[in-house]
Amino acid sequence: MSPHVQSELLAAYAGGEIEGARAYSIEAHVVECADCQAAVARLVEPARMQRGWADIEDRLDTPRPAAIEAALGRLGVPGHLARLLAATPSLSVSWLGAVTVALAFAVIAAHESERGLLLFLCVAALLPLAGVAAAFGRGLDPVFEIAVAAPFSSVRLLLLRTAAVLPTTIALAGIAALTLPGVGWTAAAWLLPSLGLTVMSLALATYVAPSRAFGGVTAGWLAIVVFSAIDAGDRLAAFDSGAQVAFVVLALGGGIVLALRQDHLDLGRTL
Amino acid sequence: MTLAVKAAGVHKRLGSTHALAGVSLDLGDGITGLLGPNGAGKTTLMRVLATVLAPDSGSVRLLGHDPADREARPVIRRRLGYMPQEPGFHQRFTAFEFVDYVAILKEMTARRERHDEVRRVLDLVGLGDVAQQRIKALSGGMRRRVALAQALLGDPRLVILDEPTAGLDPEQRLRFRELISRLAQDRSVLISTHQTEDVAALCHHVVVLRDGETVFAGAPRELAEVARDRVWLADERSAGAELSWLTGDGRHRHVGNAPPAHAELVEPTLEDGYLLLVGRGSLAVAA
């Protein structure tokens with residue numbers, strides 16, 4: 001056995017002042033030497049020792065985070081927010097799988113005809129909306145009631161989840177759009193309607209139950225798509241440049257309404 | 001001292017139903033049992049007091065604050081524990097992860113302290129050993145204890161438990177009573193239940209709701225006194241009684257104003273008082 005570590009050096013080691021190779025070298029001796037272990041035990045403050053044990057206990061007790069939670073953590077999302085997002089129904093593997101399948105069928109249809117292209121645009125516009133609707137609501141979030149009664153703002157939770165669900169679903173729809181056959185910018189004509197419909201639904205949810213808001217906006221918009229196609233004699237009339245501008249205006253207006261009336265969601269006036 | 005709950009003339013409509021029709025309620029420290037038949041408005045009242053639903057009219061003050069006030073609401077919610085009637089769970093979470101999730105919603109962001117608190121409440125309800133099991137693998141009784149554990153996070157001053165003993169076997173119910181009676185010191189606990197035995201065994205106060213209105217508020221023994229001189233045992237069934245049933249010893253117990261022939265007046269129980277208050281009509285609706 002090598003000679004004992006000098007007491008000054010051991011005190012510095014116990015105080016956490018020595019790092020790197022030097023610390024490893026002292027540690028290699030301490031784990032083999034009962035006298036130095038006893039000396040370190042005397043030098044380390046009980047409170048620090050307690051904190052160290054608690055840290056170890058915590059790491060052993062805490063379960064490994066689920067895949068989505070771990071992925072969010074790697075993206076730099078703080079642990080507590082990652083856990084809130086991981087519980088979002090529309091960020092689950094099964095939901096994202098269903099979105100992918102729906103988009104795949106819509107892409108196949110779009111390859112077949114202009115009617116199929118219309119179907120793709122509608123599906124791509126509505127999937128982000130459905131994802132946001134599923135992210136927070138009495139019927140879909142099983143912990144909804146407990147969440148509303150907690151101090152973490154329901155509106156903040158809704159917006160947090162919206163901020164996670166929208167890019168995820170839009171990214172999937174965007175990848176699907178890239179595979180469409182030579183339709184140019186029309187392949188992206190679902191994007192602004194999607195944002196406009198989502199913000200409008202959220203704003204409407206401050207007046208009526210979210211399920212009614214999302215359902216009503218979806219049904220109303222699909223009716224407009226059908227009627228405008230018949231009226232203009234153009235299947236894609238609801239996605240033309242005028243409609244794109246209208247959706248930007250709707251998104252801005254909806255955002256203002258949501259900001260002004262957010263308290264109605266937090267106190268469960270419409271939930 | 002500030003009352004935990006002070007509600008006056010609270011109305012709430014749910015669709016075409018007048019779920020709360022002018023409920024008034026004052027709750028101090030101790031355990032209060034909320035009794036009433038199905039459809040009496042218990043769950044709606046619980047939701048209003050848990051700040052999940054806003055009342056249509058009337059005044060509600062919780063822990064001295066108005067929940068309609070945007071600034072005061074988080075202050076109330078930080079000191080409030082709520083277990084809904086049908087607590088939902090993210091099934092893929094373990095018991096630890098689920099309670100941890102609710103702890104985050106309760107603004108416990110520091111990881112170590114939060115995890116210590118999650119362990120504390122899971123130990124409190126006797127689930128420390130199954131903390132790492134998935135919720136979907138737990139029994140119904142254990143799940144209710146997980147739901148109770150989340151309601152106790154942060155040592156809340158006001159605890160609202162909507163039918164916490166539903167689905168528990170007799171042993172679990174006894175354990176629950178033991179736990180709640182220990183917790184009730186220095187805080188206000190409101191429990192809604194169909195079990196008059198729970199109220200008799202556990203509660204310091206009792207409130208009875210019928211058709212969205214408060215029809216009784218007082219001590220459990222006062223509820224029993226409502227039926228004083230109106231409960232009889234007799235060998236024959238009486239047509240004039242509000243309620244009458246054959247007991248295990250072969251005699252008929254009558255509750256109501258009209259005594260049957262050759263009846264023996266008996267000491268009323270809390271259940272007798274409750275049955276008289278809610279009446280045959282409400283019980284028929286409940287059935």
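What you see below is based on every heavy atom in this structure, not just the backbone, and it leaves out hydrogens, waters and symmetry mates. Because the structure is a prediction, the values reported are computed rather than measured. Residue numbers start from 1 in every chain, and the chains themselves are labelled A, B, ... in the order their sequence lines are given, proteins ahead of strands.
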Gap separating the CZ atom of B:Phe98 from the CZ atom of A:Arg83, nearest 0.5 angstrom: 12.0 Å
Taking atom CZ of B:Arg77 and atom OG of A:Ser153, what is their separation to the nearest 0.5 Å?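 Interatomic distance, B:Arg77 CZ to A:Ser153 OG, rounded to 0.5 Å: 8.0 Å.
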Pairs of heavy atoms under 4.5 Å with chain A: top-ranked of [options]:
| options | result |
| --- | --- |
| B:Glu86, B:Met83, B:Arg70, B:Arg78 | B:Arg70 |
| B:Leu80, B:Val118, B:Ile76, B:Asp100 | B:Asp100 |
| B:Val75, B:Asp56, B:Thr109 | B:Thr109 |

Distance-minimising heavy-atom pair for [X] and [Y]:
| X | Y | result |
| --- | --- | --- |
| B:Val52 | A:Val148 | CA-CG1, 3.9 Å |
| B:Pro74 | A:Pro151 | O-CB, 3.9 Å |
| A:Ala87 | B:Tyr101 | CB-CE1, 3.4 Å |
| A:Ile146 | B:Tyr82 | CG1-O, 4.3 Å |
| A:Ala149 | B:Ala50 | CB-O, 3.4 Å |

Test side-chain contact (heavy atoms from CB on, under 4.5 Å) on A:Leu157 and B:Leu105 and set out the steps. CA-CA 9 Å; A:Leu157 183 61; B:Leu105 291 173; 4.1 Å; yes
Please say whether more than 12 non-hydrogen atoms of neighbouring residues, nucleotides or ligands are located less than 6.0 Å from CD in A:Gln37. yes
Other residues, nucleotides and ligands only: do more than 12 of their heavy atoms fall within 6.0 Å of CZ on B:Arg120?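 Atom CZ in B:Arg120 is packed in, count exceeds 12.
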Evaluate the side-chain proximity of B:Arg114 to A:His80: yes if any heavy-atom separation is below 4.5 Å, no if none is. yes
